[in-house]
Amino acid sequence: MLGTLRILLCTLLLTALASSISAQFRLFGPRQKPTPQPMRKASAYISRQEPLKVNQSLLKQATPDNTRIVVSISKQRASLMIGDQVVADGPISSGRRGHESPHGHLKVLEKDPDHRSNLYGDFVDSSGRVVRSGVSTRSDAAPSGTHYVGAPMTWFLRLTEDGVGMHVGILPGYPASHGCIRQSPDGAKLFYQYTRVGTPVDVGDY
């Protein structure tokens with residue numbers, strides 16, 4: 001009888017010990033790494049901003065001689081205006097911290113529908129293959145056998161002598177450029193069509 005009791009006690013103790021170890025393993029054992037979330041495409045960020053809005057009746061009155069541009073850095077929007085009336089209003093991405101877009105009363109200095117940056121772009125080889133992307137001519141040297149190709153700035157409106165302007169670009173929903181004011185393709189094309197060299201451009205926290 002005593003032997004049976006001892007066996008029963010040992011069995012109970014072993015069961016309790018196994019349960020304790022199992023619980024500790026669950027508490028302190030290896031944790032599974034969370035599944036990494038896939039990177040969002042640029043289009044997913046663009047959708048956070050309201051798309052280009054056009055007042056068609058005012059657009060019929062617009063000419064390159066009677067329009068002006070107002071860029072709101074705080075709202076990340078650009079408006080094509082006739083006087084105080086908004087002809088079109090669209091999303092932008094202005095210069096990020098350290099590369100802020102210039103503020104103040106500016107004007108269009110140059111128009112170029114197929115402009116390319118002379119500061120930012122890629123190093124490509126003789127076959128056109130990109131060897132290094134996202135380079136700066138100010139700080140990067142071209143690897144042997146490559147040459148520099150500037151980033152495209154379609155529907156470019158130059159605003160400063162050092163190359164800052166308005167053009168087509170990625171719109172993540174916040175200031176992200178090197179100083180230029182990026183626009184959607186339809187917005188940049190419309191602003192280009194209804195402005196001229198000399199068109200006033202006001203940039204600020206409107």
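We number each residue from 1, following the sequence as shown.
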[Y] reachable from [X] in the ILVMFWY side-chain graph, under 4.5 Å edges:
X      : Y      : value
Met81  : Leu159 : no
Leu59  : Val70  : no
Val164 : Leu106 : no
Leu157 : Val71  : yes

Under the rule for side-chain hydrogen bond (donor to acceptor under 3.5 Å, both in side chains), what residues qualify as partners of [X], not counting sequence neighbours?
X      : answer
Thr146 : none
Ser93  : none
Ser79  : Asp89
Ser139 : none

**OP:** List for me each residue that meets salt bridge (charged side-chain N to carboxylate O under 4.0 Å, His left out) alongside Asp140, sequence neighbours excluded, and say none if there are none.
**Re:**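 Testing Asp140 for salt bridge (charged side-chain N to carboxylate O under 4.0 Å, His left out), a comparison that skips the adjacent residues, returns Arg132.
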Which pair of heavy atoms, one from [X] and one from [Y], lies closest together, and at what distance?
X      : Y      : answer
Ser72  : Ile92  : O-CD1, 4.0 Å
Arg182 : Pro172 : NH1-CD, 4.2 Å
Ser184 : Leu171 : N-CD1, 3.6 Å
Asn118 : Tyr148 : C-OH, 3.5 Å

Original post:
What salt bridge (Lys or Arg N to Asp or Glu O under 4.0 Å) pairs are there with at least one residue in residues 160-170, not counting sequence neighbours?
Top reply: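 Those involving residues 160-170 do not exist here.
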**OP:** Among Thr67, Asp65, Thr63, find the residue that satisfies the side chain to side chain contact (heavy atoms under 4.5 Å, CB included) test when tested with Thr195.
**Re:**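 Of the listed options, the one satisfying the test is Thr67.
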**OP:** Check Ile69, Ile181, Asp186, Val108 against Phe191 for a side chain to side chain contact (heavy atoms under 4.5 Å, CB included) and give me the one that passes.
**Re:**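 Exactly one option meets the side chain to side chain contact (heavy atoms under 4.5 Å, CB included) with Phe191, and it is Ile69.
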Check: [X] side chain, [Y] main-chain N or O, donor-acceptor pair, under 3.5 Å:
X      : Y      : value
Arg116 : Gly150 : yes
Ser101 : Gly95  : yes
Asn66  : Gln61  : yes

**OP:** Answer yes if the side chains of Glu100 and Ser94 hold a donor-acceptor pair under 3.5 Å, and no otherwise.
**Re:**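 Glu100 vs Ser94: no donor-acceptor pair found between side chains.
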Is there side-chain contact between [X] and [Y], with heavy atoms separated by less than 4.5 Å?
X      : Y      : result
Asp84  : Arg68  : yes
Val87  : Tyr194 : no
Arg77  : Glu50  : yes
Leu109 : Val197 : no
Val168 : Gln183 : no
Arg96  : Ser177 : no
His167 : Thr154 : no

For residues 199-206, please give each side-chain donor-acceptor pair under 3.5 Å, one per line with the distance, not counting sequence neighbours.
residue	atom	partner	partner atom	Å
Thr199	OG1	Arg196	N	2.9
Thr199	OG1	Arg196	O	3.0
Asp202	OD1	His105	ND1	2.5

May I have the list of side-chain donor-acceptor pairs in residues 119-128 shorter than 3.5 Å, sequence neighbours left out?
residue	atom	partner	partner atom	Å
Asp122	OD1	Gly134	N	3.0
Asp125	OD1	Ser127	N	3.0
Asp125	OD1	Ser127	OG	2.8
Asp125	OD1	Gly128	N	3.1
Asp125	OD1	Arg129	N	2.9
Asp125	OD2	Arg129	NE	3.1
Asp125	OD2	Arg129	NH2	3.3

Original post:
Is the count of non-hydrogen atoms from other residues, nucleotides or ligands lying under 6.0 Å from Lys107 atom NZ greater than 12?
Top reply: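 Open: at most 12 neighbouring heavy atoms sit under 6.0 Å from NZ of Lys107.
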Any residue meeting ring-ring contact (aromatic ring centres under 6.0 Å, His included) with [X], in chain and number order, not counting sequence neighbours:
X      : answer
His99  : His178
Phe156 : His115
Tyr192 : Trp155

Run the side-chain donor-acceptor check on residues 51-58: report pairs under 3.5 Å with partners two or more places apart or on a different chain.
residue	atom	partner	partner atom	Å
Asn55	OD1	Ser57	N	3.2
Asn55	OD1	Ser57	OG	2.7
Asn55	OD1	Leu58	N	3.1

